[in-house]
Every structure is written in structure tokens, then in C-alpha cells.
Amino acid sequence: MTTTLLRTAAELHARARAGRRAVVMTMGALHEGHATLIRTARGIAGPDGEVVVTVFVNPLQFGKGEDLDRYPRTLDADIELAGQSGADVVFAPSVDEVYPGGEPEVRITAGPMGERLEGSSRPGHFDGMLTVVAKLLHLTRPDLALYGQKDAQQLALIRRMVRDLNFGVEIVGVPTVREEDGLALSSRNRYLSAAERRTALALSGALFAGQDRHAAQEALRARAREVPATRARAEALSAIGESRAAADTHAVATAVPGGPAAVRAAARQVLDEAARLDPPLALDYLALVDPSDFTEIGDDFTGDAVLAVAARVGATRLIDNIPLTFGSFGAAS
């Protein structure tokens with residue numbers, strides 16, 4: 001389909017609108033993860049709606065020493081991919097269009113949630129992110145906006161901002177897209193050498209190890225509930241794979257659902273091994289958090305959680321996460 005490139009909000013506002021407008025916000029260097037967001041937006045907006053893809057490298061999101069100048073700019077390729085994926089418009093404003101008169105004096109503050117995990121590692125990042133998202137929501141005037149779940153903390157903060165500040169827009173989260181080897185798609189993956197990429201696979205590997213441990217524990221809990229609390233129960237538990245010398249089958253059977261500590265331990269083992277590779281993985285954080293506020297969950301937690309990791313391989317910093325559900329709400333999602 002033909003995709004129109006627009007540079008100013010006035011041009012965008014002048015377009016006739018019939019159905020709903022869906023916006024996908026990006027910093028360019030589009031890949032299959034972005035394409036999935038755009039295709040999802042197209043499906044939601046429908047044939048009578050409009051899909052707008054923003055391409056803007058936001059300087060407020062980059063801290064001192066980060067890769068603002070190094071961040072790839074590939075607008076021609078971005079327009080082509082956006083069109084192939086179903087976008088009607090690529091809105092690629094200049095810095096002056098988004099921040100007339102220079103960096104804004106008044107900004108959105110992310111609050112305590114924005115100071116945890118990514119916010120702790122990148123001070124001010126989420127304030128800059130929320131400020132530009134608020135600006136772009138005003139400039140594009142969408143009915144809905146779509147964001148990837150790979151940036152789970154970002155998505156949670158955007159949802160909180162929209163709710164707390166009464167933005168009239170629906171926020172849609174889209175599941176993480178992965179490459180065949182499991183690495184989460186990211187514009188920064190192109191910075192990795194072949195050896196660095198092999199090490200970087202530990203991020204997704206750690207998450208999958210935690211997920212597998214969680215699923216095994218949930219299966220054990222379900223099986224334990226079906227067996228009477230007798231010697232036969234311990235024997236049944238042993239029969240499904242928990243008969244290690246160091247394991248107390250009764251303790252496993254009566255443990256809190258899902259075992260957050262065991263999930264963290266399984267993930268950390270993979271990351272510890274990757275720290276000894278060449279090149280090594282330098283862990284920033286591994287966290288198992290409540291997605292409502294991104295605080296660490298306790299061993300008595302039930303409900304939805306996010307297992308998140310961030311690390312550097314060489315000069316490249318990568319993040320990834322996976323959703324889990326603990327206790328009475330079921331097994332891993």
C-alpha cells in the first residue's frame with residue numbers, strides 16, 4: 001500500500017478521518033517486532049481506520065554516554081517496511097517540531113515506578129520517555145496506541161500515565177517478537193558481533209529457564225493436590241521428577257505456589273554461566289516483579305508477574321522479560 005510521509009503535526013491534522021486512528025510509536029530502525037505492532041494496529045483499526053507510525057529518535061530518553069548519536073537512522077527502509085505492514089502514514093517530525101524552543105522545561109515525571117529497574121540503571125530515562133509519548137499522543141491524536149511487551153516497564157508506565165492523567169486513548173500491549181534463536185527483536189541487536197550474540201542468548205535462556213522451573217513447580221503443585229497427604233503423596237511426587245537427594249518432597253508439596261525464589265535461582269544460574277563466557281555477559285539486573293508497580297514479589301505472591309532481565313554484552317545493553325502467573329491464577333502464560 002502507499003504510505004505517506006509527513007513531517008508536521010499540521011499535515012497530519014489536515015488528513016480526513018473516518019474510522020479509528022491507531023498509532024505505533026517507534027524510534028526507527030524498524031524490524032519484524034515493529035512490523036507485528038503495525039499489522040496488529042491495522043487489524044484493530046480495520047479497513048476504514050488509519051494506522052500512523054511515528055519515527056522519532058527522542059533525545060530525552062538517552063542519558064550521558066548512551067548511544068543517541070550511534071542509534072541507527074534508516075528512514076527510507078522504515079517507510080518501506082511500514083507500508084508493507086499496513087501503515088497509512090509515517091510521521092517523522094524533526095526535533096524542533098516535537099520540542100519547539102528546545103528541550104521542554106515542563107516534563108512528565110514517572111514517579112517511584114520509574115526509579116526502579118530500568119529507571120535505576122538509566123536515571124531520567126522514563127521521564128523523557130513519558131514526556132515524548134505524551135507529546136506524540138497530543139500531536140497524533142489517536143484513538144489507540146500500541147506498544148510492545150518487550151519494554152514491559154515502559155508499557156506499564158504509559159498505561160499508568162494515561163489512566164492517572166485522563167488521556168482519552170486506549171493502550172494496547174503486543175507480545176514480544178523473537179528471532180528463531182530466542183533473542184528478543186531489538187534495533188540494538190545489529191550492534192552485536194557473532195560471538196556477542198551467542199552470549200546475548202543467555203537473556204532469553206535465563207527467562208525460559210525460570211519459566212520452565214515455574215511450570216514444573218505448578219505441575220507438581222497440581223499433582224500434589226490430587227494425592228492424599230500420606231506416604232503415597234511423597235512417593236507420587238518423587239515419581240514425577242522431584243526425587244533428588246537434596247529435595248524434601250513434603251516441603252515441595254506444601255510450598256507456596258510457583259516458588260518465586262526457585263524461579264529466580266533457575267534464571268540466575270544461566271546468567272552466572274554466561275558471565276564466564278568470552279565475551280562475558282555483564283548483568284545489570286534480574287528481577288521478578290509485580291507489573292502494577294515493578295516491586296519485587298514475595299514468596300506468598302499470587303497473580304500476574306514479570307520476570308525481567310537487563311545486561312550488557314560488549315558495548316550493547318539489552319533487556320528482555322517474560323510474563324508468569326503464580327498460584328491460584330494458573331500456570332505460566
Side-chain angles (χ1 to χ4, degrees), residues 63 109-127 129-130 147-161 163-164 171 173 175-176 184 186 200 202-221 251-252 254-275 281-313 317-333:
T109 299
M113 195 197 314
E115 297 173 357
R116 300 174 185 130
L117 301 187
E118 284 298 291
S120 176
S121 299
R122 306 175 66 190
H125 167 74
F126 284 127
D127 292 354
M129 179 277 293
L130 289 178
Y147 303 90
Q149 292 178 358
K150 183 179 80 73
D151 297 297
Q153 193 172 4
Q154 169 179 284
L155 175 59
L157 282 163
I158 291 170
R159 282 179 165 149
R160 190 62 182 253
M161 177 184 73
R163 184 179 69 206
D164 288 355
I171 302 300
T176 300
S186 170
L203 275 81
S204 57
L207 298 179
F208 296 149
Q211 182 184 52
D212 288 347
R213 180 58 179 164
H214 172 63
Q217 290 184 321
E218 288 290 335
L220 179 63
R221 286 283 298 175
V252 172
T254 57
V256 292
V263 170
R264 291 185 182 95
R268 183 168 289 278
Q269 181 177 350
V270 175
L271 298 169
D272 288 345
E273 292 171 359
L281 179 141
L283 182 64
D284 190 342
Y285 62 76
L286 172 68
L288 185 54
V289 299
D290 182 336
S292 68
D293 59 8
F294 274 71
T295 57
E296 288 281 350
I297 65 171
D299 281 341
D300 59 349
F301 181 86
T302 59
D304 293 333
V306 172
L307 180 62
V309 63
R312 288 188 181 275
V313 182
R317 187 176 185 275
L318 300 171
I319 64 172
D320 201 353
N321 72 84
I322 199 166
L324 300 173
T325 303
F326 286 83
S328 60
F329 289 83
S333 55

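Please read these numbers as outputs of a predicted model, since none were measured by experiment.
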Undergrad: Return the minimal non-hydrogen interatomic distance between P291 and A305, and the atom names on each side.
TA: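 Between these two residues, the closest heavy atoms are CD-CA, 3.8 Å.
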Undergrad: Rounded at 0.5 Å granularity, tell me how far CZ in F301 sits from CG in L324.
TA: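 F301 atom CZ to L324 atom CG measures 10.5 Å (nearest 0.5 Å).
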Undergrad: Which residues satisfy the side-chain contact (heavy atoms from CB on, under 4.5 Å) test with A274, sequence neighbours excluded?
TA: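 Counting only residues at least two positions away or on another chain, A274 forms a side-chain contact (heavy atoms from CB on, under 4.5 Å) with A202, L277, L281.
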Undergrad: Supply the atom-to-atom distance L271 CG to L203 CG, rounded to the nearest 0.5 angstrom.
TA: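 Interatomic distance, L271 CG to L203 CG, rounded to 0.5 Å: 6.5 Å.
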Undergrad: Which pairs count as side-chain hydrogen bond (donor to acceptor under 3.5 Å, both in side chains) when at least one residue sits in residues 150-161, sequence neighbours excluded?
TA: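 side-chain hydrogen bond (donor to acceptor under 3.5 Å, both in side chains) check on residues 150-161 returns R160-D164.
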Undergrad: Kindly give the heavy-atom pair with the smallest separation between A156 and F294, and that separation in Å.
TA: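 Scanning both residues, the minimum pair turns out to be CB-CE1, 3.7 Å.
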Undergrad: Going by salt bridge (charged side-chain N to carboxylate O under 4.0 Å, His left out), D284 matches just one of R312, R317, R122. Which one?
TA: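 Of all the options given, the one that passes is R317.
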Undergrad: Taking salt bridge (charged side-chain N to carboxylate O under 4.0 Å, His left out) as the definition, give me every residue that meets it alongside D127, ordered by chain and number, with sequence neighbours left out.
TA: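 Applying salt bridge (charged side-chain N to carboxylate O under 4.0 Å, His left out) to D127 gives none.
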Undergrad: Can you check whether L283 reaches V309 side chain to side chain, under 4.5 Å on heavy atoms?
TA: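 Sidechains of V309 and L283: in contact.
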Undergrad: How about L307 and L286: do any of their side-chain heavy atoms sit closer than 4.5 Å?
TA: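 Yes, close enough: below the 4.5 Å cut-off.
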Undergrad: Just jot down the salt bridge (charged side-chain N to carboxylate O under 4.0 Å, His left out) partners of R116, sequence neighbours excluded, or say none.
TA: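 Partners of R116 under the salt bridge (charged side-chain N to carboxylate O under 4.0 Å, His left out) test: none.
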Undergrad: Under the side-chain hydrogen bond (donor to acceptor under 3.5 Å, both in side chains) rule, what pairs show up with a residue in residues 260-275, not counting sequence neighbours?
TA: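 Of all non-adjacent pairs touching residues 260-275, those that pass side-chain hydrogen bond (donor to acceptor under 3.5 Å, both in side chains) are R264-E296.
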Undergrad: What's the shortest heavy-atom distance between F126 and G119, and which atoms?
TA: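 Nearest heavy atoms, F126 then G119: CE1-N, 3.5 Å.
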Undergrad: Using side-chain contact (heavy atoms from CB on, under 4.5 Å) as the criterion, list what pairs up with A308, not counting sequence neighbours.
TA: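 With sequence neighbours excluded, A308 shows a side-chain contact (heavy atoms from CB on, under 4.5 Å) to Y285, V306, N321, given in chain and number order.
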Undergrad: Determine the interplanar angle of the H214 and F326 rings, folded into 0 to 90°, and report it as parallel if under 30°, tilted if 30 to 60°, perpendicular if over 60°.
TA: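 Plane angle between 30° and 60°, so tilted.
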Undergrad: Could you tell me which non-hydrogen atom of A266 sits nearest to which non-hydrogen atom of R213, and how far apart they are?
TA: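 Scanning both residues, the minimum pair turns out to be CB-CB, 3.8 Å.
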Undergrad: State, yes or no, whether a side-chain contact exists between I319 and L117 at a heavy-atom distance under 4.5 Å.
TA: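 Side chain of I319 against side chain of L117, heavy atoms only: no contact under 4.5 Å found.
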Undergrad: Do T295 and V289 touch side chain to side chain, with heavy atoms closer than 4.5 Å?
TA: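 They are not in side-chain contact.
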